[in-house]
Amino acid sequence: MDKSRTSVTSTPISSVSTRRIRRRSFRQSTRSHFGVASRLGLTPGQTTHRFNTSRKAPKPQNITEKVSPEHLALLVKTEWHLCYVTPLYRFRHTQLKSYARQLSAFIAAEKQQGLGVEVGGLQDTFKVSMSVLQGLAETNDDPETVLIQVQSRPAFARQDEPLKTVWSGWLSCINGNPEYLHSLPKDFTCLPLFGSRGLEGLSSLVKSWLRSTFDCFFGPLDINQTTLRWLAALWTNCHMESNIQHLKMQWTLPAAPPLHVAYTVNSGDALALWRSVRKSRGADEEACIEIEEVTSFMEGLTSHFYRHFGVDLSAGDLNQVSTALGSAKVKGRMKISSSRYLISTLSLLTECAFLKIPI
Amino acid sequence: MGSVLLSSDWLIRPRPERRFVLKFSVASASAKPNKSRSLVDVLGLNLPSGNMDDPAKFLLRRLVRRIPAQMLKATLEKWGRLNAEQRESLNFSQSKWALTQELEALCEESRLTVKHIAELEMIYITENPNQMMWHAFQLLDPEDGALAVELMQFKELFKCHLRELVRNVSVKIKKHTDEAVWIRMSWGEGFSRLSHLNATYVVHYLQTPYVFVSGLSPKNKPLLLQVLTLSTKHERIKDANLSGRKLTAIRDLLLRQYEHVFPTKYPSPLTERNQSVSNLHTEKEQAEASAKRHQMAGQAFGNGVLPALQSAVYKLETKFKDPTNQTMTEQDEPFRCVVKFSSTNLLESLRHCASSGIASTPVAPLLSSIPLKGRNYFVITDKSPSANS
């Protein structure tokens with residue numbers, strides 16, 4: 001890890017690493033990417049990465065040609081519970097079938113603990129399938145996304161009824177930090193972002209199996225206030241290309257009893273405010289978005305609120321930001337509603353995951 | 001799938017009640033064929049066909065599901081349609097669907113109709129009004145004699161005017177203990193049978209200009225409002241822009257039945273001239289500011305227990321005025337947004353915000369309008385800084 005640390009601190013301030021990306025013929029627009037290490041002036045060496053203070057605006061990408069529609073349908077329009085994962089030891093993308101068998105045996109064994117006599121084949125109760133979700137990886141360094149699905153027959157169903165997916169999850173790494181990825185020893189695969197949906201009990205079982213098999217660690221990926229504000233600004237920026245319909249923010253103020261405020265702004269007016277903030281910075285449309293612009297944007301919204309109600313929203317916490325493109329909750333739940341921004345949102349989340357990884 | 005098990009009477013019906021159909025399909029989807037209770041059992045169609053028809057059965061079933069177990073016994077007692085012997089025979093510790101079966105049998109024994117079951121529903125709702133969505137209306141321009149309208153007169157006028165305007169409706173008027181008149185109405189479409197499943201409830205406090213309505217469809221709204229206006233001897237009725245689940249809360253807010261602070265010239269008790277010097281070390285620095293905030297919060301919202309209003313919605317269409325952002329300030333179009341405040345007790349939260357400093361004092365007029373004007377829906381435009389309807 002020291003190698004990566006020194007490489008971060010030695011990179012000159014002004015350069016934002018533009019990387020030669022293999023242009024694929026079917027891609028419609030220029031790739032968006034997120035700049036690597038940022039400068040916040042904090043002491044280096046505490047963590048290897050810092051949150052970016054500037055990003056390029058995400059462009060809509062039509063990824064239906066890269067990713068199969070079934071996989072897209074699985075990922076989009078569902079709310080995922082996010083966690084970060086430390087790198088996996090000796091994980092092979094080629095052995096997914098055997099991993100799936102092991103996992104289903106593990107789940108069956110765990111379920112059997114403490115129960116009485118079970119009738120019927122235990123192995124049939126939960127069926128696990130692991131597959132590679134092709135097409136999401138953005139760079140050559142990104143390992144391919146892995147999709148895990150647990151299916152089971154609903155209780156009292158007949159034998160010939162189809163299995164229902166009761167739990168699904170994925171491990172992915174989109175636009176991962178290249179220095180970090182290069183600095184990993186050979187046997188490690190870095191898939192830091194873990195999303196899950198379904199029964200909570202199954203989530204913990206899958207995590208404990210992954211933990212014991214690949215010697216990794218799971219932790220909650222709380223989407224913090226800064227990220228939520230970034231998402232609010234970035235989604236508003238996307239209104240130029242795709243209609244976000246509205247920008248809805250949910251705050252909680254620490255009153256007794258707690259006061260919840262849902263502040264929904266008309267999309268056109270939010271974009272006008274965003275544009276005015278960007279114009280005042282003298283930046284053109286293509287340049288990077290700075291964190292100061294995001295702060296000014298949020299300040300504009302909260303000051304408009306204050307002028308009417310005399311209530312300072314910054315006294316509370318921003319809990320949730322949602323638009324037609326997706327929603328993000330502070331407890332680490334994220335929903336991406338539009339496949340066009342899937343890659344950029346996952347990249348942002350991967351970055352958050354990298355920040356939280358303790359090593 | 002469900003139609004196979006319905007009686008033929010309902011199959012003929014041209015447009016079944018949507019709510020009824022929805023409930024039925026949910027019930028049938030949850031009953032698996034392999035379960036010991038078959039779908040037929042759940043619907044109780046194995047019972048000997050008594051004289052209780054399907055609407056009564058469905059209404060009864062829905063009621064038993066809705067009323068919590070501990071309240072069911074008392075409600076049945078209050079209803080009074082089953083004698084003591086029958087009530088004692090009921091086993092309240094069994095599952096609800098088994099209880100429903102027993103109740104149905106008893107009701108058939110006593111030859112009860114859907115009207116009697118509607119009575120039971122009314123009793124339950126009257127005792128527990130805080131489960132439905134209520135909307136408040138205000139009567140305006142009282143004619144002479146409006147204040148003198150008392151219960152019997154109101155009942156006569158209401159039924160009379162209603163019969164003039166609507167043919168197919170069933171009405172039940174009841175006076176509750178606290179001066180409130182409760183009306184339950186079942187509407188029928190055209191000449192079809194009355195649907196008792198989607199009843200409208202109206203609560204009117206005599207001698208006050210307020211009416212609270214729940215379960216009113218947009219189709220029947222103008223009719224009902226007209227009847228109410230005529231029978232209370234007013235000329236107009238308008239939407240009070242106040243709605244909420246807790247009837248008691250919105251009623252208290254409108255009728256001002258909670259502790260107020262009367263504005264006084266001397267906000268604090270007069271201080272004595274020779275005041276003993278208090279220990280300066282123990283006095284907090286913020287005491288004065290804090291006391292002032294508390295006082296202003298109390299003036300705006302009230303000092304005692306506040307009615308448990310749950311939400312307030314503001315639709316803002318005002319211009320964006322910010323001295324630091326010239327571009328937006330120069331724009332002529334309004335900045336449109338909708339703000340919704342919600343809490344288990346909204347007024348309590350707002351008062352706490354004001355007294356703790358989260359909200360600036362004196363309290364913003366938009367917030368203090370909630371208790372002052374007794375409404376929780378506002379549309380704010382630049383022309384009138386205060387709320388306009």
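Every chain is numbered from 1, with letters handed out A, B, ... down the list of sequences.
- A:Phe305 is not listed as a side-chain neighbour of B:Cys337, based on a closest heavy-atom distance of 4.5 Å or more.
- With a threshold of 4.5 angstrom between heavy atoms, B:Pro362 does not approach chain A through any atom at all.
- Contact residues of residues 243-267 of chain A toward chain B are A:Leu253, A:Pro254, A:Ala255, A:Ala256, A:Pro257, A:Pro258, A:Leu259, A:His260, A:Val261, A:Ala262, A:Tyr263, A:Thr264, A:Val265, A:Asn266 (heavy-atom distance under 4.5 Å).
- Neither the backbone nor the side chain of B:Ser356 comes within less than 4.5 Å of any heavy atom in chain A.
- Of all the heavy atoms in B:Phe335 and A:Ala270, the pair that sits closest is CE1-N, 4.4 Å.
- Every pair passing salt bridge (Lys or Arg N to Asp or Glu O under 4.0 Å) that includes a residue from residues 341-358 of chain B is listed here, sequence neighbours excluded: B:Glu348-B:Arg351.
- Interface remark: of the candidates B:Leu346, B:Val363, B:Ile358, B:Ile358 forms the most heavy-atom pairs closer than 4.5 Å to chain A.
- Neither the backbone nor the side chain of B:Thr361 has a heavy atom closer than 4.5 Å to any heavy atom of chain A.
- B:Phe320 contributes atom CZ, which lies 4.5 Å from atom CG of A:Leu273 (distance to the nearest 0.5 angstrom).
- Counting heavy-atom pairs closer than 4.5 Å to chain A, the top residue among B:Ser355, B:Ala312, B:Ala364, B:Ser343 is B:Ser343.
- Heavy-atom contacts from other residues, nucleotides or ligands closer than 6.0 Å to NZ of B:Lys292 number 12 or fewer.
- Of the two parts of B:Gln326, neither the backbone nor the side chain holds a non-hydrogen atom closer than 4.5 Å to a non-hydrogen atom of chain A.
- Between B:Leu366 and A:His308 the shortest heavy-atom distance is CD1-O, 3.5 Å.
- Rounding to the nearest 0.5 Å places CD of A:Glu299 at 8.0 Å from OG1 of B:Thr324.
- Closest of all the heavy-atom pairs between B:Leu367 and A:Phe309 is CD1-O, 3.5 Å.
- Scanning all heavy atoms of the two residues, the minimum distance from A:His304 to B:Lys319 falls at CE1-O, 3.9 Å.
- Contact annotation for B:Asn325: only side-chain heavy atoms (C-beta onward) come within less than 4.5 Å of a heavy atom of chain A.
- Ranked by heavy-atom pairs under 4.5 Å with chain B, the first of A:Leu313, A:Leu301, A:Val311 is A:Val311.
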